[in-house]
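These figures come from a predicted structure and were not determined experimentally.
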Amino acid sequence: MVYNNMYPQSKSQMLADRTINGWRSASTPPLTKTTPRASLKKKQIELSGMISKANSSTDLLRLFVENEENVNEIHLSNLWNKLGRQRDASDQRHRQEIRRMIRRTVNLVDSYGSRALANIAHGATKARLGSEETGVLLEAIGRVTISRGLYDFKPQEISNMVWAF
């Protein structure tokens with residue numbers, strides 16, 4: 001790049017020169033620092049995809065255990081919904097992981113939106129885990145729902161809640 005004191009270049013022209021002169025190709029996005037938050041967001045998106053692709057209770061519960069500290073309401077809603085579709089979710093071999101997932105879900109239940117509450121209640125009930133396990137979870141969901149009211153619930157969410165209880 002040639003600097004001419006009589007005709008100073010603007011910043012945009014200097015950037016164009018850098019791009020043209022090979023500092024960066026036109027198709028390469030600008031270099032940015034990866035923040036921990038951006039990295040976490042990427043991991044959460046990847047986890048959502050893995051949950052959606054999981055085909056068994058064992059796979060779903062393994063994903064939960066491996067990512068327990070990072071699961072959010074969307075993950076838990078998806079996990080419970082998919083567990084409700086598995087025929088073996090209530091097997092004794094899954095009991096320990098199910099209890100961990102219930103504890104995590106109950107600990108975060110106050111922060112969930114209406115859709116997540118409805119999906120979790122519906123999925124947990126369909127999973128036929130037994131009254132002891134499901135009772136703790138549904139009690140927490142019921143408490144939050146009653147304290148907030150049903151104003152934010154859409155018809156499908158209300159239907160899922162009624163079916164679950």
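Contact of the H94 side chain with the L83 side chain is not registered, since no non-hydrogen atoms from C-beta on lie closer than 4.5 Å. Residues K42 and E46 have side chains in contact (heavy-atom distance under 4.5 Å, counting atoms from C-beta outward). Using a 4.5 Å cut-off on side-chain heavy atoms (C-beta onward), R93 and D88 make contact. For the pair W80 and I102, the minimum side-chain heavy-atom distance is below 4.5 Å. Under the 4.5 Å side-chain criterion, counting only non-hydrogen atoms from C-beta, R100 is in contact with F64. Within the 4.5 Å cutoff, side-chain heavy atoms of L150 are placed close to those of F153. When side chains are defined from C-beta on, H75 does not count as touching N67, because their heavy atoms never get closer than 4.5 Å. Side-chain contact check for R148 versus L117: some heavy-atom pair is nearer than 4.5 Å.
Heavy atoms from other residues, nucleotides or ligands lying under 6.0 Å from CD1 of I74 number 12 at most. Within a 6.0 Å radius of CG in D152, no more than 12 heavy atoms belonging to other residues, nucleotides or ligands are found. Counting heavy atoms of neighbouring residues, nucleotides and ligands inside a 6.0 Å radius, atom CZ of R115 does not exceed 12 of them. At most 12 heavy atoms of other shown residues, nucleotides or ligands fall within 6.0 angstrom of atom CD in Q96.
Connection of I158 to V109 is established within a shared hydrophobic cluster, with ILVMFWY side chains joined at heavy-atom distances below 4.5 Å, either directly or through further cluster members. L108 is connected to V65 through a chain of hydrophobic side-chain contacts under 4.5 Å among Ile, Leu, Val, Met, Phe, Trp and Tyr, so both are in one cluster.
Classification of K53 and D59 as a salt-bridged pair fails, no side-chain N sitting under 4.0 Å from a carboxylate O.
Among all heavy-atom pairs drawn from S77 and A116, the shortest one is OG-CA, 4.0 Å. Contact detail for E68 and R104: the closest heavy-atom pair is O-NE, 3.1 Å.
In this structure, CD1 on I120 lies 12.0 Å from CG on N160, to the nearest 0.5 angstrom. Expressed to the nearest 0.5 Å, how far CG of L137 lies from CD1 of I141 amounts to 4.0 Å. With values rounded to the nearest 0.5 angstrom, M161 atom CE is found 10.0 Å from N119 atom CG. Atom-to-atom distance recorded for K126:NZ and T134:OG1 is 14.0 Å, nearest 0.5 angstrom. Atom OG of residue S114 and atom OH of residue Y151 lie 14.0 Å apart, to the nearest 0.5 angstrom. To the nearest 0.5 angstrom, L138 atom CG is 4.5 Å from F165 atom CZ.
Of the residues R85, M101, Q86, the one that meets the side-chain contact (heavy atoms from CB on, under 4.5 Å) test with L60 is Q86. Tested against V71 for a side-chain contact (heavy atoms from CB on, under 4.5 Å), the candidates I51, N78, L76, L63 yield a single pass: L76.
Residue pairs meeting the salt bridge (charged side-chain N to carboxylate O under 4.0 Å, His left out) criterion with at least one member in residues 138-147, sequence neighbours excluded, are D110-R143. Residues in residues 153-165 take part in no salt bridge (charged side-chain N to carboxylate O under 4.0 Å, His left out) pair, two or more places apart or across chains.
Between the side chain of E73 and the backbone N or O of G113, at least one donor-acceptor pair lies under 3.5 Å. Judged purely by atom type and a 3.5 angstrom limit, R128 has no side-chain atom pairing as donor or acceptor with the backbone of S90. One N or O on the side chain of K82 and one on the backbone of A54 form a donor-acceptor pair closer than 3.5 Å. In this structure a side-chain-to-backbone donor-acceptor pair under 3.5 Å is missing from S159 to P155.
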